[in-house]
Amino acid sequence: MKETGKVVEIKGDTAYLLFNRTSMCAKCGACGMVAGQNEITVPTENTLHAKLGDRVELEFTSKNALTSSMIAYLFPLAMLILGVWIGYSVPQTVFEVQDVLAAILGIVFAAVSFVVLRLLNPVFKKKFSNVYTMVRVQEEQEELEQK
């Protein structure tokens with residue numbers, strides 16, 4: 001999917017582009033824009049050497065966004081289920097009330113998964129950083145035509 005945004009800030013090799021909500025945003029939401037939000041600023045590598053105020057066409061790679069979302073949501077859920085399953089697998093001779101043990105282990109495993117995700121955050125940021133790719137900088141004439 002391609003969208004056009006305006007460069008509002010440049011820090012080193014990173015350009016920050018401001019996007020306004022389009023009709024496609026209501027269907028997708030992978031960029032992180034929530035209902036009621038009309039604009040979002042996203043960072044991208046400034047491969048085209050865009051300047052402040054330039055309008056840039058960006059290509060959005062949904063595969064990386066969906067993969068990172070899947071990791072963020074499914075890993076804690078899987079750990080919760082694993083903790084509950086282990087809690088129910090412990091014989092009653094070891095722990096009398098299996099429901100309580102299953103609930104405690106489920107919560108503990110889910111909490112541990114959030115700690116693991118937090119520790120691995122730098123790795124995930126590096127691996128999934130190429131969600132947005134600059135395609136081209138729009139000419140002034142094109143900007144006037146869009147308005």
What's the spacing between [X] [atom1] and [Y] [atom2] if we round to 0.5 Å?
X    : Y    : atom1 : atom2 : answer
M79  : I86  : CE    : CD1   : 8.0 Å
F75  : L82  : CZ    : CG    : 9.5 Å
S113 : L120 : OG    : CG    : 11.0 Å
R136 : T47  : CZ    : OG1   : 13.5 Å
L17  : K6   : CG    : NZ    : 11.0 Å
I104 : D99  : CD1   : CG    : 11.0 Å

task: With the side chain counted from C-beta on, respond yes when L18 and T41 share a heavy-atom pair under 4.5 Å apart, and no when they do not.
output: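 Yes. Closest side-chain heavy atoms under 4.5 Å.
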
- prompt: Should the heavy atoms of other residues, nucleotides or ligands under 6.0 Å from CG of N121 be counted, would the total exceed 12?
  reply: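 Buried by this count: over 12 neighbours within 6.0 Å.
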
message: Membership question, hydrophobic clusters at under 4.5 Å side-chain separation (ILVMFWY): are V115 and F109 in the same one?
response: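 Each belongs to a different hydrophobic cluster.
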
task: Identify whether I71 and V116 are in the same connected component of the hydrophobic contact network (ILVMFWY, side-chain heavy atoms under 4.5 Å).
output: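 Yes, it is one cluster - the side chains of I71 and V116 are joined through contacts under 4.5 Å.
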
- request: Please test M134 against L58 for side chain to side chain contact (heavy atoms under 4.5 Å, CB included), starting from the C-alpha separation and ending with a verdict.
  value: CA-CA 5 Å; M134 283 188 175; L58 224 66; 3.7 Å; yes

All side chain to side chain donor-acceptor pair (under 3.5 Å) counterparts of Q98, not counting sequence neighbours: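 With sequence neighbours excluded, Q98 shows a side chain to side chain donor-acceptor pair (under 3.5 Å) to no residue whatsoever.
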
message: V7 vs K51, test: side chain to side chain contact (heavy atoms under 4.5 Å, CB included). Steps then yes/no.
response: CA-CA 7 Å; V7 179; K51 297 178 212 67; over 6 Å; no

